[in-house]
Structure formats: C-alpha cells, structure tokens
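Presented below is the structure to which this report refers.
When reading the values below, keep in mind they use all heavy atoms of this one structure, side chains included, and skip hydrogens, waters and symmetry mates.
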Protein chains: 2
Amino acid sequence: MATIHDVARAAGVSISTVSYALSGKRSIADSTRRRVADAAVSLGYQPHAGARMLAGTRTQIFALTAPLRHDTYAPAHMAFVLAVATAARRHDYDILLLTEDEATKGLSRVASSRLVDGVIVLDVSVRDERIALVQNLGVPTVVIGIPDDPAGLACVDLDFEAATRLAIDGLADRGHRRMALLGHPDEIYERGSNFPIRVRDTFLSHTADLGLPGRFSTSETDSGAVRAALDALLAGDERPTALIMHCQESVQATVLDHLRDRKISVPEDMSIISVGSTFDTTKFSPALDVIPLIPAATCDAAVDILVASLPDPPDPRVQYVAPEYRANGSVAPVPAP
Amino acid sequence: MATIHDVARAAGVSISTVSYALSGKRSIADSTRRRVADAAVSLGYQPHAGARMLAGTRTQIFALTAPLRHDTYAPAHMAFVLAVATAARRHDYDILLLTEDEATKGLSRVASSRLVDGVIVLDVSVRDERIALVQNLGVPTVVIGIPDDPAGLACVDLDFEAATRLAIDGLADRGHRRMALLGHPDEIYERGSNFPIRVRDTFLSHTADLGLPGRFSTSETDSGAVRAALDALLAGDERPTALIMHCQESVQATVLDHLRDRKISVPEDMSIISVGSTFDTTKFSPALDVIPLIPAATCDAAVDILVASLPDPPDPRVQYVAPEYRANGSVAPVPAP
DNA sequence: TCGAACTGTCGAAGCGCTTCGACAGCCAGC
DNA sequence: GCTGGCTGTCGAAGCGCTTCGACAGTTCGA
C-alpha cells in the first residue's frame with residue numbers, strides 16, 4: 001500500500017506538498033499538482049483512513065441509527081437506509097450502521113471515540129430515547145422525521161400535513177365531499193409513530209375545516225382485516241366517493257382487490273389517492289394517484305444539512321420537504337347522483 | 001474528551017501501562033489494573049478510533065456489501081443486514097454499509113484506505129462482480145451465500161440441499177408420494193439467484209432418486225399469479241398430497257387463502273412445509289411446518305470465521321449451516337385413498 | 001530601486017495510540 | 001550469597017497524515 005511518502009518521492013516533492021496538492025488547501029503550481037496527481041494515481045495511493053482521522057479533523061463517516069421493529073415496514077425502511085448511504089457518498093461520506101439494541105450505547109461509543117463526524121437518526125417515533133441522547137451528546141446530528149420535542153435539533157421530513165391537504169383539496173376540487181382515510185394498524189398510532197398520526201390528524205382537521213365529513217379507519221395488515229375495515233368505511237347510505245390510503249403496499253393491493261370483488265370501479269365509482277407511499281403505485285391496476293414519500297428527497301436534504309454545518313451541529317430547524325402530486329388516473333370528478 | 005494521557009495521570013501510571021492494563025496484552029498488577037479501569041470509567045475514556053487504526057493493526061470495522069435489487073425481498077434482506085451487524089458487535093466490530101452502485105469501487109476504496117479489517121458479502125448471485133473483486137483484493141472476506149465459483153473464498157450458507165431433502169424425506173416418511181414445489185418468480189431463476197436454484201434442483205433430483213413424481217412451478221408474487229400457479233400444480237387426477245413452498249411470505253399467505261377457498265384443508269387434504277423462510281410461519285393459520293433460514297445462524301457463523309482468521313483472510317471453504325425442522329402441525333400422514 | 005506582499009514549497013510538530021526493548025525489584029535454586 | 005528468570009512498569013519510537021511557520025524567489029507599487 002502506497003503512503004504519502006511514496007507519492008512524494010515519485011513526484012519529487014515533500015509530503016506536505018503532496019498533501020496540499022491533493023487537498024487544494026494551499027496554492028500549488030499547476031505543474032506540481034499534475035505530477036503529484038499522476039504519481040498518486042499510478043501508485044494507487046489511498047490515504048490511510050486512520051491517519052487521516054488522527055491528524056485531520058474529519059473521519060468522513062456518519063453513523064446511521066435505523067431501528068428495526070417488528071412492525072417496521074421493511075421495504076420502506078430499506079429504501080431510506082439506501083437513500084441515506086447514497087446521499088452520503090455524494091459528499092464522500094460512508095455510513096456506519098448502528099442497530100437498535102446498540103442505539104444509545106452505540107451512539108455514545110462512536111461519538112466519543114470520534115469515529116464519526118455526525119449522526120443521522122432515522123424513523124423517529126414520538127418518544128424516542130435516541131432524541132434525548134443526541135440532544136445531549138453534542139455530536140452534529142440530523143433527524144429524519146419529526147420528534148415530539150425537536151428542541152435544538154435539525155429535522156427533515158416530508159410535509160405530510162401539506163400532502164394530506166393536497167390530497168383532500170384535489171378531491172374537493174373534483175367535487176368530492178365524502179372522503180375516507182384508511183390508515184395503519186392501531187398499534188402504530190398507539191406507539192406514537194410520527195407521520196401516521198400527522199396524516200390522520202390533518203385529514204380529520206382539514207376535512208372539518210372544509211365542512212366535509214371525514215371517515216377514518218385503522219386496519220391490521222392481513223387481508224381479512226383490510227376487507228373488514230374497508231367495508232366499515234364504505235358502509236351506510238352516505239358512502240364516500242373518495243378514498244385516501246396511507247398504509248403499506250400489501251394493504252393497498254388488498255383494497256383494490258376488494259373493491260374489484262365488490263364491483264366498485266376506480267375511478268368511476270371511487271377515486272383513490274395514495275399518500276406517503278414509497279413504492280410504485282403505477283404497478284397496481286388501476287394505477288393510483290399518489291403523493292409519494294420519496295426517500296431520496298428527504299435523505300438528500302438531511303445529508304446536505306449535516307454536511308453544510310460540519311464540524312458544528314446544524315442550526316435547529318424543522319425542514320419540510322414539499323409534497324408532489326402524481327396523477328395516474330385513479331381520481332375522477334364525483335359521479336353524478 | 002479524555003485521552004490516554006488523562007487516564008494515565010489520573011491513575012498515576014504511564015500511558016503504556018494504561019494501554020496494557022486496558023488491552024490485557026501484558027501482565028499488570030491487579031491493583032494497578034483496577035486503578036486504571038476506575039480512572040478510565042470516571043473520565044469516560046474512549047480510545048480515539050483514528051489513533052487506534054493508525055497505531056494498531058485493527059480498525060474494528062467490517063464492510064458489508066448488501067445489494068438491493070428491485071426484486072430483492074426486503075424483509076429478509078433487512079434481517080440479514082441486522083444479523084450481521086449484531087454478530088459483528090459481539091466481537092466489538094462495527095459495520096460500514098456499502099451500497100450497490102458502490103459495490104466494487106467502494107470495496108476497493110475502504111480496503112485500500114485500510115478503513116476496514118474485513119468484508120462481508122451478502123446475497124451473492126451466481127455471477128457477481130463482487131466475487132472476482134474480493135478474490136483479488138486480498139482483504140479478509142467471508143461470503144454469505146454460495147457463488148458459482150467459490151475458489152479461494154470462505155462461504156457460509158444454510159444447507160438448502162439438505163433442507164430440501166429433509167422436507168422431502170419427512171413427507172415420504174408420512175407416506176406422501178406426490179409432492180409439489182412452489183418456487184419464486186421466473187426472473188429469479190433466470191438471473192442465477194443462488195439458493196432458489198439449489199432448492200429447485202435438489203427437489204427434482206431427490207424426488208427422482210426416491211422414485212417419486214415431483215412437480216415444480218415458479219410463480220409471480222401477485223395473488224392472481226399465485227392462485228393460477230397453485231391450480232396448475234394441483235391439476236389432474238394425481239393431485240399432490242404435499243406441497244413444499246420456497247417463496248416469499250405474501251405468496252405463502254396467498255396459497256393458504258387459495259387452499260381455503262378451494263376447500264382443501266391443511267393438513268388433512270394437503271401437507272405443507274415451508275422451506276428456507278425467514279419469517280414466522282406460526283402466524284399463518286394454520287401454522288406451517290418450516291425449515292427456516294435463520295439469519296442469525298448464518299451470519300454468526302460468517303462473522304466467527306472472519307474474526308477467527310484475522311488479520312489474514314480465512315481459509316477457503318464452503319460451510320453449510322445444518323437445517324432444522326420445526327413441526328407446527330401442517331404435515332399429516334397421507335390420507336387413505 | 002527598495003521594501004512589501006505574494007507564491008510555491010519545505011521541514012517539523014504533533015494527533016493518540018500500540019508496542020518494543022529496557023530495567024528495577026523480587027524470588028528460587030544452587 | 002549469587003545468578004537467572006520473572007513480574008510489573010516505563011520511555012520512546014513510530015504509525016501516516018495535516019497543518020503551521022519559515023523561507024527562498026518573484027512581482028509590484030511607491
């Protein structure tokens with residue numbers, strides 16, 4: 001493995017010149033810079049990570065804490081982990097994965113051993129022990145999701161409130177008055193999971209603000225429960241003409257199956273919007289209008305904030321990512337009575 | 001942040017004594033060791049990761065390359081990533097996550113910057129560019145899964161062949177002669193995905209060895225396709241009396257739905273064994289007999305091999321994890337004609 | 001024309017740790 | 001009582017890098 005000394009010798013300069021030529025932190029003659037660069041490439045020089053951490057001030061590593069609970073929806077979770085890693089690489093950062101049982105101990109460990117320059121906290125629930133920890137740890141941190149008390153923290157998340165209003169307004173514009181929201185299992189809300197609650201609350205308040213009746217139901221994820229929840233939501237004379245779904249992929253698929261079985265056609269009899277989905281709703285038949293939760297959008301913003309503030313913690317803030325409506329034909333004007 | 005000097009001063013010894021007392025690499029008087037340990041704790045001392053990497057020979061970090069393809073089954077994938085991280089922590093190792101588009105470039109980078117002591121390669125497909133790379137890179141590596149050409153590599157995987165035979169033999173012992181295997185989507189086999197192919201081939205060869213008819217079908221994952229595939233598998237006079245499933249959770253759930261719809265009861269009319277599943281088959285109704293793929297078992301073995309061999313690459317080998325049969329009541333003796 | 005201000009390069013210090021060799025003090029065996 | 005071998009501790013070197021201050025050599029304004 002080539003060291004900086006090897007490069008210096010090959011280029012006929014001192015090691016400090018190599019360092020400056022490669023980092024650009026001092027002006028170096030173009031001819032020298034080129035010689036150094038050539039030598040580095042031809043020797044396959046890679047700076048020793050440990051030496052860099054020791055001498056320099058950066059480690060080029062972020063810690064990512066991504067708890068995996070049994071009720072975590074793995075595909076979405078995975079997409080976020082991946083999006084964070086990809087965003088980090090764009091800034092020349094690697095990702096160190098902290099597991100759940102290591103969440104707090106691991107955070108303290110990597111922070112105080114100065115293994116990482118910063119921390120990215122994923123999938124925050126309303127009460128999250130990691131939040132209190134990073135608030136005290138002093139290590140630069142960015143949170144993806146909005147904790148109950150974001151005091152002192154930089155947080156990034158899709159603007160679920162705006163997304164929900166966008167869905168409702170879009171439906172209202174098409175003449176829909178009776179809307180329903182199908183959500184996650186009860187447990188999710190009870191645990192204080194963040195955005196499902198925000199969607200539910202916004203749905204109820206914004207429909208009320210518009211003077212519209214809004215029906216909401218939770219649902220377990222197995223197909224029987226989904227069908228029952230849907231039937232309940234659609235029961236009675238005043239059947240909703242529009243459905244907003246904020247639930248996982250298999251549940252949305254089951255809903256479409258069940259509507260088909262009940263001969264309720266989309267969008268003729270029922271308009272549907274999928275909110276905050278991380279998967280591709282055009283694979284469904286029919287394809288669904290969606291206000292997606294785009295992991296890359298959120299994670300890019302989060303990493304940008306963190307990188308920009310280094311070596312200091314980012315300024316406290318709650319940064320919302322604007323929602324984006326994607327029409328795929330599952331919304332139609334309300335049918336004539 | 002306390003350094004080793006602070007600890008040395010607090011304990012009234014030299015820094016080398018602190019180092020030896022903490023690492024145990026030389027004999028230190030018990031009283032001294034205790035004083036050092038106390039000082040370290042009360043100062044909250046954590047060795048500087050960079051300094052350790054530079055001076056020592058270990059970084060206490062493994063790279064994990066875990067590609068995420070669109071057809072990857074995220075929950076299983078996630079479980080493996082988690083199991084690797086957990087196993088690594090037991091040996092005081094952290095996990096650096098390498099993403100797919102970084103697979104080869106990232107591997108070279110972290111290896112030649114000596115950021116990691118070893119590499120764990122997850123989810124190997126038969127032709128995998130990462131394999132050739134780690135074969136040449138010289139960095140200690142362990143592969144989870146069996147590549148086409150494992151030359152020079154240490155590989156760990158569930159013994160899918162033995163698992164498949166175990167399922168067949170168990171059914172044969174109960175008098176079953178007509179068995180069917182429901183597998184993954186075609187694409188998986190075409191891509192050369194490793195273990196689905198091993199299960200399929202073993203199923204076909206072992207049933208043949210026993211002189212039994214073995215029916216095999218692939219299936220897409222959507223419920224319509226699953227039902228069609230199952231109908232095809234069960235068609236004809238000589239309907240199979242037993243079904244082995246080697247497919248993802250939702251497909252297995254659909255199979256049970258469909259059997260129920262067709263009034264085929266389990267296990268009275270049809271015995272079922274789930275092979276190589278990473279999820280809990282007792283949540284189904286009925287609960288299914290299973291020969292599980294236990295991420296922790298495989299990953300523990302993999303990490304053990306890697307840690308044991310450090311700082312050298314592990315001896316080349318293919319280590320199979322023995323399958324384990326879990327009876328949950330979905331297998332019965334073949335019904336009287 | 002002279003000093004001030006740059007520009008490009010270098011040497012050396014030092015980041016915090018591990019580890020090697022040295023050595024004082026001790027005990028056991030002759 | 002002396003030697004040889006332990007045991008417990010220390011000082012110092014050095015890992016590979018960044019960065020500070022120094023300093024020739026050059027340019028430019030007064």
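Rounded to 10°, the helix from dT1(C)-dA30(D) to dC30(C)-dG1(D) has 50° between the axis fitted to its first five pairs and the one fitted to its last five.
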Let me check something: any side-chain donor-acceptor pairs from residues 294-316 of chain A under 3.5 Å, sequence neighbours excluded? List them with distances.
residue, atom, partner, partner atom, Å
Thr298(A), OG1, Ile294(A), O, 3.4
Asp300(A), OD1, Arg90(A), NH2, 2.8
Asp300(A), OD2, Arg90(A), NH2, 3.0
Asp304(A), OD1, His91(A), NE2, 2.9
Ser309(A), OG, Leu306(A), O, 3.1
Ser309(A), OG, Asp312(A), O, 2.9

For residues 134-146 of chain B, which side-chain N or O atoms pair as donor and acceptor with protein atoms under 3.5 Å away, sequence neighbours left out?
residue, atom, partner, partner atom, Å
Gln135(B), NE2, Asp149(B), O, 3.4
Gln135(B), NE2, Ala151(B), O, 2.7
Asn136(B), ND2, Ala132(B), O, 3.1
Thr141(B), OG1, Val139(B), O, 2.7

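The ring pair (Phe, Tyr, Trp, His ring centres under 6.0 Å) test applied to Phe195(B) returns Phe160(B), His246(B), not counting sequence neighbours. In terms of the side chain to side chain donor-acceptor pair (under 3.5 Å) criterion, Thr3(A) has no residue partners (sequence neighbours excluded). Contacts of Asp159(A) classified as salt bridge (charged side-chain N to carboxylate O under 4.0 Å, His left out), with partners at least two apart in sequence or in another chain: none.
Pairs engaging residues 49-63 of chain A under the salt bridge (Lys or Arg N to Asp or Glu O under 4.0 Å) rule: none recorded [sequence neighbours left out]. Pairs of residues two or more places apart, or lying in two chains, that qualify as salt bridge (Lys or Arg N to Asp or Glu O under 4.0 Å) and include a residue from residues 109-122 of chain B are Asp94(A)-Arg109(B), Glu102(B)-Arg109(B). Listed by first then second residue, pairs satisfying salt bridge (Lys or Arg N to Asp or Glu O under 4.0 Å) with a partner in residues 7-26 of chain A read Asp6(A)-Arg9(A), not counting sequence neighbours.
Listed in residue order, the members of residues 1-10 of chain B having a heavy atom less than 4.0 Å from DNA chain C are Thr3(B), Ile4(B). Near-neighbour residues of DNA chain D inside residues 37-56 of chain B, defined by a heavy atom below 4.0 Å, number-ordered: Leu54(B), Ala55(B).
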Mark up nucleotides 4-9 of chain D, 5' to 3', with B wherever a protein heavy atom is under 4.0 angstrom from a base atom, S wherever such an atom reaches only the sugar-phosphate, and - elsewhere.
-> ---SSB

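Interatomic distance, OG1 of Thr99(B) versus CG of Leu64(B), reported as 11.0 Å (0.5 Å rounding). Atom CD of Gln46(B) and atom OG of Ser112(A) lie 4.0 Å apart (nearest 0.5 Å).
Two residues are said to be in side-chain contact when any heavy atoms from C-beta on lie closer than 4.5 Å; Ile4(B) and Ser19(B) meet this criterion.
Closest approach of Tyr320(B) to Leu158(B), counting heavy atoms only: CD2-O, 4.1 Å.
For the pair Lys25(B) and dT18(C), the criterion of a side-chain N or O lying under 4.0 Å from OP1 or OP2 is not met.
In this structure a side-chain-to-backbone donor-acceptor pair under 3.5 Å is present from Arg130(A) to Leu122(A).
What separates CG of Leu22(B) from P of dG16(C) is a distance of 17 Å, to the nearest Å. Remark: P of dT19(C) and CD1 of Ile15(B) are 13 Å apart, rounded to the nearest angstrom.
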